[in-house]
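Everything on this sheet refers to the single structure shown next.
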Amino acid sequence: MSFVKQYLAEAAQVIDQLDQKAIDAVIDLLVETRIRGGRLFVLGVDGSAANASHAVNDFRKIAGIEAYAPTDNVSELSARTNDEGWNTVFSEWLKVSRASAKDAILVFSVGGGNLEKNVSPNIVSAIQEAKARNMKVFGIVGRDGGYTGKTGDVVVTVPTVDEQRVTPHAEAFQAVIWHCLVSHPKLQKNATKW
């Protein structure tokens with residue numbers, strides 16, 4: 001089997017194994033967030049940061065949800081990293097934004113965060129801050145979901161179909177799933193151009 005055929009076959013397996021009920025639950029909670037005038041903070045690092053930036057556009061433009069990705073502000077991100085440390089870049093953003101129970105965070109992460117392994121500790125800190133503020137926590141993550149999977153209110157885990165391609169499948173399906181969210185009739189307020 002060629003690599004391309006294998007990769008696409010794996011993608012089909014991921015689609016077949018996605019938890020559709022979890023995706024529906026995220027949609028319902030996002031609708032509730034919008035109704036109560038809440039904001040959505042989309043958090044991700046590495047490739048997931050790029051996904052967060054794109055998703056914020058879609059949540060704002062297509063779904064009419066006030067949304068932000070802290071990683072879009074590279075000046076604040078780098079200043080906080082330099083002055084305070086990487087671990088708190090997202091939690092401090094939530095504090096300054098006066099995040100509250102009407103708001104929510106959406107985590108895009110391959111591993112979901114793990115303090116013991118020092119993987120995405122900033123996501124763990126953000127979830128802890130969000131929980132302290134009674135915010136809803138959603139996630140689209142890979143593997144077992146890490147801290148996000150264990151503590152989030154609703155988390156969609158991208159199934160691992162090949163250990164060698166956990167990252168590309170997790171990050172690719174973040175995009176598939178968030179596009180499903182904003183395209184859902186319950187959430188979509190504005191038509192896309194094409």
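All residue numbers refer to positions in the sequence shown, counting from 1.
When atom types are taken as modelled, the side chain of Arg36 and the backbone of Lys102 share a donor-acceptor pair closer than 3.5 angstrom. With His179 contributing its side chain and Ala175 its backbone, the two residues share a donor-acceptor pair below 3.5 Å. No donor-acceptor pair under 3.5 Å is formed between the side chain of Ser91 and the backbone N or O of Glu129. Put simply, the side chain of Lys131 gets close to the backbone of Thr151: a donor and an acceptor are under 3.5 Å apart. Not a single donor-acceptor pair under 3.5 Å links the side chain of Asp103 to the backbone N or O of Met135. A donor-acceptor pair under 3.5 Å links the side-chain atoms of Arg39 to the main chain of Ser97, judged by distance alone. Between the side chain of Asn114 and the main chain of Glu116, a donor-acceptor pair closer than 3.5 Å is present. Between the Ser120 side chain and the Gly113 main chain, no donor and acceptor come within less than 3.5 Å of each other. With hydrogens and angles ignored, the 3.5 Å screen pairs no side-chain donor or acceptor of Asp72 with any backbone N or O of Ser53. Between the Asp153 side chain and the Val137 main chain, a donor and an acceptor come within less than 3.5 Å of each other.
Ring geometry, Trp178 versus His54: the interplanar angle exceeds 60°, so the pair is classed perpendicular (tilted spans 30 to 60°).
Hydrophobic clustering (ILVMFWY, side-chain heavy atoms < 4.5 Å, transitive): Leu29 and Ile65 are in one cluster. Connection of Ile140 to Ile27 is established within a shared hydrophobic cluster, with ILVMFWY side chains joined at heavy-atom distances below 4.5 Å, either directly or through further cluster members. Val155 and Val14 fall into different hydrophobic clusters, defined by Ile, Leu, Val, Met, Phe, Trp and Tyr side-chain heavy atoms under 4.5 Å apart, directly or through other members. By the rule that hydrophobic residues join a cluster once side-chain heavy atoms approach within less than 4.5 Å of another member, Phe41 and Trp86 end up as members of one cluster. In the hydrophobic clustering of ILVMFWY residues, with side-chain heavy atoms under 4.5 Å counting as a link, Val124 and Leu43 come out together.
Here the side chains of Thr192 and Ile62 are in contact, with some heavy-atom distance below 4.5 Å. For the pair Arg165/Gln6, a side-chain contact is recorded, criterion being any heavy-atom separation below 4.5 Å from C-beta on. In this structure, Pro159 and Leu18 have side chains that are in contact, with non-hydrogen atoms separated by less than 4.5 Å. Side-chain atoms of Lys186 and Asp28, non-hydrogen and from C-beta on, do get closer than 4.5 Å to each other. For the pair Tyr147/Val107, no side-chain contact is recorded, criterion being any heavy-atom separation below 4.5 Å from C-beta on. No side-chain heavy atom of Val176 sits under 4.5 Å from any side-chain heavy atom of Ile15. You'll find the side chain of Ile177 stays beyond 4.5 Å of the side chain of Val26, heavy atoms only.
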If you apply the rule side chain to side chain contact (heavy atoms under 4.5 Å, CB included), what do you find for Phe90 with Thr71, and how did you get there? CA-CA 9 Å; Phe90 297 146; Thr71 46; 3.8 Å; yes
Side chain to side chain contact (heavy atoms under 4.5 Å, CB included) evaluation trace for Thr88 with Arg80: CA-CA 8 Å; Thr88 59; Arg80 288 193 181 282; 5.9 Å; no
Trace of the side chain to side chain contact (heavy atoms under 4.5 Å, CB included) decision for Val182 with Leu187: CA-CA 6 Å; Val182 300; Leu187 271 179; 5.6 Å; no
Stepwise side chain to side chain contact (heavy atoms under 4.5 Å, CB included) test for Gln188 and Ser183: CA-CA 5 Å; Gln188 185 173 358; Ser183 299; 4.3 Å; yes
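Distance check: Asn51 CG to Asp46 CG gives 10.0 Å after rounding to the nearest 0.5 Å.
For the pair Arg143 and Glu163, the salt-bridge criterion is met [side-chain N within less than 4.0 Å of a carboxylate O].
Exactly one residue among Leu181, Val154, Ile35 makes a side-chain contact (heavy atoms from CB on, under 4.5 Å) with Leu30. That residue is Leu181.
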